[in-house]
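To start, the structure under review is shown below, and the notes come after it.
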Amino acid sequence: MFDRQWKRERDVEAQADWRSFWAIVIITAGYAVVNITSRMTELERSGNTALGLADILIFEGGSGFIFIALTPVLIWLTRLIPLTADTWRWALPAYVALSVPLSGAHIVVMVWIRKAAFAIRGEFYRFSDNLPRDIFYEYRKDLLSLALIVMVIQVSRELALRRREAAAAREDARRDKRLTLKCGGRTIWMAAEDLIAAKAAGNYVEIKTETGEHLARTTLGALERQLDEAGIRAARVHRSYLVNLDKILEAAPTGSGDLSIRMKDGSEIPGSRRFREKLDAA
């Protein structure tokens with residue numbers, strides 16, 4: 001059983017890493033295109049024709065492709081050294097230390113590519129006349145690029161985790177007829193049938209039940225999907241409100257064409273004309 005669970009978790013992480021890899025490819029390609037076209041425009045404005053398109057591609061595009069090649073290494077490192085709220089105190093210094101050899105590898109390969117390209121044309125390429133200055137110059141840029149790649153990998157994994165949690169919550173709702181809600185590091189489980197209404201509040205949802213009120217970090221759409229899996233007849237009656245249709249006492253029209261919905265517990269919920277057809281269908 002645990003073997004199957006571990007396999008599913010590894011598959012989810014692998015899919016997230018592939019998405020992060022292709023996201024980095026797209027970001028790097030876009031950055032390279034902007035740099036290349038900007039350099040061409042600057043040269044055209046200055047009237048400098050000494051550098052051709054091939055030279056610009058070598059100088060502005062080659063570095064990005066090296067970072068793409070380094071991305072699988074960074075994916076492996078982020079698995080080996082997870083950067084989380086619990087580990088950042090020791091993981092962050094480790095990443096800063098590792099950025100030195102990674103930047104060194106980037107600089108060495110970049111210089112080799114440029115030397116090879118110039119040698120093909122019978123020319124000599126010199127990287128620097130002040131090595132400490134220029135290595136530090138390149139390292140500053142590399143540190144930012146490496147941090148961006150690590151951030152993309154971490155965000156991709158976090159999004160995959162949230163999708164996995166949402167799928168697990170829907171599975172629990174279908175099997176146990178309960179809602180799984182998260183807020184502030186806490187997890188709340190409640191019977192789905194107890195929900196009366198829910199109100200969107202930014203990144204949170206205020207949930208009113210027969211036993212009390214709860215604040216959950218979710219969306220009305222995600223909550224509605226859980227309720228649907230649990231077999232609860234719930235519907236959006238307003239852009240910011242979701243109600244349990246079986247808890248409605250009455251719905252009366254207002255002068256503006258909207259609705260005032262009275263729930264069985266005595267509370268009132270505003271209803272929008274946009275969602276009136278859902279009530280009529282119920």
Side-chain angles (χ1 to χ4, degrees), residues 1 4-5 8-9 11-13 15-16 19 85 155-282:
M1 178 179 176
R4 290 196 300 271
Q5 291 177 344
R8 284 198 298 266
E9 293 303 319
D11 289 345
V12 169
E13 188 174 84
Q15 291 170 7
R19 282 192 291 268
V155 169
S156 180
R157 288 178 184 167
E158 180 64 25
L159 291 175
L161 175 62
R162 292 192 179 186
R163 284 193 293 269
R164 180 73 173 151
E165 288 178 344
R170 292 194 299 271
E171 183 178 344
D172 286 346
R174 182 169 58 253
R175 185 184 62 245
D176 302 326
K177 310 303 179 186
R178 70 177 185 178
L179 302 179
T180 304
L181 309 171
K182 292 181 178 291
C183 183
R186 296 182 299 115
T187 301
I188 303 167
W189 290 279
M190 54 173 283
E193 63 182 3
D194 287 346
L195 182 135
I196 296 172
K199 176 185 177 183
N203 293 325
Y204 295 84
V205 171
E206 299 172 0
I207 298 173
K208 184 177 179 62
T209 73
E210 294 181 350
T211 57
E213 296 181 353
H214 305 281
L215 184 67
R217 188 173 180 85
T218 186
T219 64
L220 286 182
L223 179 60
E224 188 174 7
R225 286 189 287 273
Q226 281 199 59
L227 289 165
D228 182 62
E229 292 288 353
I232 302 300
R233 297 193 320 129
R236 297 279 286 273
V237 294
H238 185 277
R239 181 173 57 88
S240 301
Y241 287 89
L242 171 73
V243 301
N244 184 338
L245 295 175
D246 292 328
K247 305 290 185 181
I248 295 176
L249 181 63
E250 63 177 4
T254 64
S256 61
D258 292 333
L259 294 171
S260 176
I261 302 169
R262 182 179 294 276
M263 309 303 292
K264 290 180 180 179
D265 72 331
S267 60
E268 292 190 6
I269 305 293
S272 170
R273 70 185 74 182
R274 288 177 51 205
F275 299 91
R276 188 167 182 171
E277 61 187 32
K278 293 187 178 181
L279 286 176
D280 294 337

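Only heavy atoms go into these numbers, but all of them, side chains included; no hydrogens, no water, no symmetry mates.
Taking CG of Leu220 as the reference point, atom OG of Ser240 lies at 7.0 Å (rounded to 0.5 Å). Rounding to the nearest 0.5 angstrom, the gap separating the CG atom in Asp246 from the NZ atom in Lys264 is 6.5 Å. Atoms CD1 and OH, on Ile261 and Tyr241 in that order, are 10.5 Å from each other to the nearest 0.5 Å. The line from CZ of Arg174 to CZ of Arg225 is 13.5 Å long, rounded to the nearest 0.5 Å. Here CD of Glu250 is found 11.0 Å from CG of Leu259. Values are rounded to the nearest 0.5 Å. Note: Arg178 CZ to Ile188 CD1 = 12.5 Å, rounded to the nearest 0.5 Å.
Atom CZ of Arg162 is surrounded by 12 or fewer heavy atoms from other residues, nucleotides or ligands within 6.0 Å. Heavy atoms from other residues, nucleotides or ligands lying under 6.0 Å from CZ of Arg239 number 12 at most. More than 12 heavy atoms of other residues, nucleotides or ligands lie within 6.0 Å of CZ in Arg217, so this atom counts as buried by the packing criterion.
Although no hydrogens or angles enter the test, the distance criterion places no donor-acceptor pair under 3.5 Å between the side chain of Glu206 and the main chain of His214. In this structure a side-chain-to-backbone donor-acceptor pair under 3.5 Å is missing from Thr187 to Lys182. Although no hydrogens or angles enter the test, the distance criterion places no donor-acceptor pair under 3.5 Å between the side chain of Asn244 and the main chain of Ala197.
Leu181 and Ala216 make their closest contact through CB-CB, 3.8 Å (heavy atoms, listed as atom of the first residue, atom of the second, distance). In this structure, Leu223 and Ala198 approach most closely via the heavy-atom pair CD2-CB, 3.5 Å. Of all non-hydrogen atoms in Gln226 and Leu179, the two that sit nearest each other are OE1-CA, 3.5 Å. When all heavy atoms of Leu195 and Ile207 are compared, the closest pair comes out as CD1-CG2, 3.6 Å. Nearest heavy-atom pair across Ser260 and Glu268 is OG-OE1, 3.5 Å. Ile196 approaches Lys247 most closely through the heavy-atom pair CA-CG, 4.2 Å.
Val205 has its side chain out of reach of Lys199: every pair of non-hydrogen atoms, C-beta onward, lies at least 4.5 Å apart.
Contact check on Arg175 versus Glu229 returns no salt bridge, with no Lys/Arg side-chain nitrogen under 4.0 Å from an Asp/Glu carboxylate oxygen. The pair Lys208-Asp265 meets the salt-bridge criterion, with a side-chain N (NZ, NE, NH1 or NH2) lying under 4.0 Å from an Asp/Glu carboxylate O.
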Run the numbers on Glu13 and Arg157 for side chain to side chain contact (heavy atoms under 4.5 Å, CB included), then give the verdict. CA-CA 6 Å; Glu13 188 174 84; Arg157 288 178 184 167; 4.0 Å; yes
Tell me, with the steps shown, if Met263 and Val243 meet side chain to side chain contact (heavy atoms under 4.5 Å, CB included). CA-CA 9 Å; Met263 309 303 292; Val243 301; 4.1 Å; yes
